[in-house]
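Worksheet for the structure shown next.
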Amino acid sequence: MEKPVNEFRFVEKPEVVEVDCDLLLMGGGMSACGAAFEACRWATPKGLKVVMVDKAAAERSGAVAQGLSAINTYMGENDPEDYVRMVRADLMGIIREDLVLDLGRHVDDTVHLFEEWGLPIWKKDEEGHSLDGHQARDAGKPMLKDGGVPVRSGKWQIMINGESYKAIVAEVAKKALEINREATGMEQNLYERTFCTRLLMDANEPNRIAGAIGFSVRENKVFVFRASTVLNASGGAVNVFRPRSVGEGMGRAWFPVWNSGSGYAMGAQAGAEMTLMENRFVPMRFKDGYGPVGAWFLFFKAQATNALGEDYCAKHADSIHEQFAPYDEPMGTALRNHAALIEMQAGNGPIIMHTDKAMAKLAETMDEKQLKHLEAEAWEDFLDMTIAQAGLWAAQDVEPDKVPSELMPSEPYLLGSHAGCAGFWVSGPGDIAGAPEEWSWGYNRMSTVNGLFMSGDVVGASGHKFSSGSHAEGRIAGKNMVAWCLDHADHKPAISESIDELVAEIYMPMELYGKYVAYTTAPDVVDVNPHYIRPRMLQFRLMKIMDEYVGGVSTYYTTSKTLLEEGLKKLEGLKEDAAYLAAANLHELLRCWENWHRIWAAETHARHILFREESRYPGYYYRGDFPGINDAEWKCFTNSRWTPESGWELKKVPHVELVTSSVPA
C-alpha cells in the first residue's frame, strides 16, 4: 500500500497554539505534581515560566488517581541504607543505589507535606491502639514531623485515609502553577486533556531538548510547547500484554489502563539512554478484580496457600534457595510469584488468600466495636483503590471475612516506581560515597539528552518509590530543572522540525478515516476496512504478539531467543501497519497515539529480554533457553539507545554496590 499523506482534505485542520516557557512538565501524576510544586517554588522568584501538560485532569491523573489506603515509602525510624538493601533484594540485586538512597533521604519531607496539606494519616494512641486519620486528628495526635507515631502496615508502609490522596496533592501543584502564572504574566500554564505525541529536539544544538507537541482531546487544537528544559513524567505501560480479563472486563487491570508507555516511547525516540527495560512487574492480586493484597498480607496478617492449604513459599524454600541464592533471603516479590507458579503448573491451584482466617484471628484480640471498625477499613482498602474488587465480590456472593478469596498473578506491566525498575538511565545526585563519576553529569535526574529530565515510572534501576517516592523524585527533578534554566539563561530553544509536518502527522489517522470510511458499511459497528486499521484492533494484535512471543500469561511468562526474534519480526510488521491507523474522533485519535507509544515500549522490552541471556526475574519472566541467574556474566545493567541512523544499540554497564550487604530488611 502507498504510504498515506495528510493533505487535510477530509479532516478540518486544527488551530495551532504555540506556547513558550522555561520549564515544561509532561504528566499529571504524583511525580509531575511534585515537580510542579518544587519547580514553581524556585522558578517563580526568578521569573521563570513553568507549564504543565497532562492528557487527563490532575486531580485524578496517574496511578494514584482512585486513591490509596497506605503510603508505601516512609522512612521514619528506619535507616535509608536499609531501604536501599530492601529495594536491591526485591529487584534481584541490580539497582542504581545512588538514586534509591537519594530518595530515602528526601521522601519523609514529602510525606510531612502531605499531612500538612490535609491528608489524614493513621496514628497510634498511648495504649498502642490504631486510630484512623480522622480519629487521630480529632484526638489531637501530633503530626509525623512533630513526633506522631504512624500505624505501619509493614516496615516501610504507613496507613492513611487516602481516597482523596491524589486530589490533595494535585490541588497544591495547581496552586503553585497559578502563582507562577500570575507572577510571570502567562495567560495559561496548565493544559489538561492535552496529549503529547512527540518530544522536539533543538535545531541548533545536537542532543538537546527543545519542547514537545501534542493535541487537545476536547478541541480541534494542536499545542507546540517550546522550553529550555522538559520533564518526562508520563507514567509506565499497561495493556502492552494481553490481559487476563477479556470481553467487557478487558479494561480492568491492576495498573491504570491509561498508562500507555508514552514516557518510554517519547524518551526513546529522542535518543535518551534506557536501562533494565527487560524488567517488568507481575503483581499477585485478587483474581479478576485485581484488588490489592498488601494490606491483607501486612496489616491483617492474612496467609496465602495453594488449594491444599500448603504455604507454597515454605514448601519450595529449599529448591528456590538452591536455584537462586542469595536472592531468596528474604524471598522477594518475584520469587514468591515463582513459588506460586510452580503450584499452579503442578495442578495445586487456585492460590488462596485466607481473608476469613485473618479476620477470625483479629477477633480474638478485639472488642466488637474495634472489629467492626477494622472490617470497615478492610472494605475501604478496596473502595480507596479498586472499587471493582468490591463489586466483583458482591456479584459473586463472596464475603471475604467469611470465606477465602482466589489470588492470581496478573499480566505483565512496565514501570519503574512500584516493584519494577524499567526506565531511563539518569544522572544521580553526585554526592553519594562510592558512586562512579560517570553516574552523575551535573543535574540530578537528567537523562542523557541535555535538558530532558525524568521522574516517576520512567526512571530506571530505581524501583519501590511508590507514591511518596515518585512525588519526592519529581521535586528533585523540578529543582534541578530550575538550576538548568539558570545555568543556560541565554539559550533560546528552536524546533528542528516543520510544525506543519508535525501537525499533519498527528492528524493523519483522522484524515485516513474520513477518506476511506465509506468502504465500511457500518463503521460504528464493524472495525474492518481495506484501507485502515482502528486502534482497538491494532491493540489486540499488539497484546497477542507480546503474550505469545514475549512471555505473557498464556506461556506462564516464558520466552526464548527464537520466540523473541519471531515476536520482533511481528512487531516490525505491526509498526508498518500502524501508519494506517484511523480515528473517527479526537478520543480515538488519542487511542491511536497511545498504541503507537505502546508498540515502542513493547519493542524495547522485547529487545532487552533478548539481550539479557539469563532469567534475572523468575516469577516475572523466564528465558526458557537460559533458565537460571548468571551473576558471573549478567550482574550488570543492560542499557540501550535508539537513533534514526543506527537503530537500537544495547550494551552492558557495570553494576556497583554502594551500600554494604547485610541481611536485607
Side-chain angles (χ1 to χ4, degrees), residues 70-111 150 152-158 275-276 279 281 283 294 297-298 313 317 320-321 323-339 415-423 426 428-436 439-440 444 459-470 472-473 476 616-620 629 631 634-637 653-665:
I71 290 175
N72 284 30
T73 310
Y74 181 68
M75 299 296 112
E77 69 280 11
N78 296 310
D79 185 344
E81 290 196 356
D82 283 339
Y83 170 60
V84 174
R85 294 184 182 102
M86 179 274 291
V87 177
R88 183 174 65 207
D90 199 63
L91 292 170
M92 308 304 286
I94 305 173
I95 59 169
R96 279 278 301 275
E97 297 183 19
D98 60 329
L99 302 179
V100 178
L101 187 57
D102 194 29
L103 278 173
R105 63 186 181 179
H106 290 301
V107 67
D108 282 11
D109 183 67
T110 276
V111 177
R152 287 201 178 270
S153 55
K155 180 164 184 174
W156 308 99
Q157 300 84 1
I158 60 174
T275 189
L276 297 180
N279 180 264
F281 184 38
F297 272 129
L298 297 170
C313 289
I320 287 174
H321 179 74
Q323 284 183 280
F324 302 117
Y327 302 111
D328 62 318
E329 296 179 359
M331 192 180 293
T333 313
L335 289 177
R336 292 196 300 271
N337 274 15
H338 174 67
L415 51 85
S417 283
H418 203 281
C421 54
V426 300
D431 64 343
I432 304 294
W439 284 12
S440 176
N444 203 347
V459 172
S462 171
H464 285 279
K465 295 188 285 275
F466 302 103
S467 58
S468 52
S470 290
E473 189 163 62
I476 291 168
R616 173 59 57 172
Y617 306 103
Y620 291 170
I629 290 176
D631 273 351
W634 290 101
K635 191 169 184 182
C636 62
F637 300 104
V653 175
H655 172 263
V656 179
E657 185 174 290
L658 306 179
V659 176
T660 56
S661 294
S662 66
V663 177

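Nothing fancy with the numbering, it's 1 onward along the sequence.
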If the condition is side-chain hydrogen bond (donor to acceptor under 3.5 Å, both in side chains), which residues does [X] pass it with, not counting sequence neighbours?
{"X": "D109", "value": "R475"}
{"X": "S468", "value": "none"}
{"X": "T275", "value": "N639"}
{"X": "H655", "value": "none"}

Can you list the residues that meet the salt bridge (charged side-chain N to carboxylate O under 4.0 Å, His left out) rule with [X], with sequence neighbours excluded?
{"X": "R96", "result": "D98"}
{"X": "D79", "result": "none"}
{"X": "R336", "result": "none"}

Hey, what do you get for [atom1] ([X]) to [atom2] ([Y]), rounding to the nearest 0.5 Å?
{"X": "I320", "Y": "L335", "atom1": "CD1", "atom2": "CG", "value": "5.5 Å"}
{"X": "D102", "Y": "E97", "atom1": "CG", "atom2": "CD", "value": "13.0 Å"}
{"X": "R88", "Y": "E657", "atom1": "CZ", "atom2": "CD", "value": "4.0 Å"}
{"X": "D431", "Y": "S440", "atom1": "CG", "atom2": "OG", "value": "8.5 Å"}

If you take all heavy atoms of [X] and [Y], which pair is closest and at what distance?
{"X": "Q157", "Y": "G154", "value": "OE1-CA, 3.0 Å"}
{"X": "M92", "Y": "P618", "value": "CE-CD, 4.2 Å"}
{"X": "V87", "Y": "G463", "value": "CG1-O, 3.7 Å"}
{"X": "L103", "Y": "G469", "value": "CD2-O, 3.3 Å"}
{"X": "V656", "Y": "G434", "value": "CG1-O, 4.2 Å"}
{"X": "A419", "Y": "D90", "value": "CB-OD2, 3.9 Å"}

Tell me, do [X] and [Y] make a side-chain contact under 4.5 Å, heavy atoms counted?
{"X": "V107", "Y": "E473", "result": "no"}
{"X": "I158", "Y": "V111", "result": "yes"}
{"X": "V659", "Y": "R85", "result": "yes"}
{"X": "L276", "Y": "R616", "result": "no"}
{"X": "N337", "Y": "Y617", "result": "no"}
{"X": "L658", "Y": "W439", "result": "yes"}
{"X": "W634", "Y": "I629", "result": "no"}

Residues in ring pair (Phe, Tyr, Trp, His ring centres under 6.0 Å) with [X], at least two apart?
{"X": "Y74", "value": "H112"}
{"X": "H464", "value": "F466"}
{"X": "H106", "value": "none"}
{"X": "F324", "value": "H338"}

Practice item. Sequence neighbours left out, what passes side chain to side chain contact (heavy atoms under 4.5 Å, CB included) with S417? Give chain and number order. Key: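 Scan of S417 (side chain to side chain contact (heavy atoms under 4.5 Å, CB included), adjacent residues dropped) gives D457, K465, S470.
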Check your understanding: Taking N78 for the side chain and M75 for the main chain, is one N or O donor matched with an acceptor at less than 3.5 Å?
Key ->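 Side chain of N78 to backbone of M75: a pair is present.
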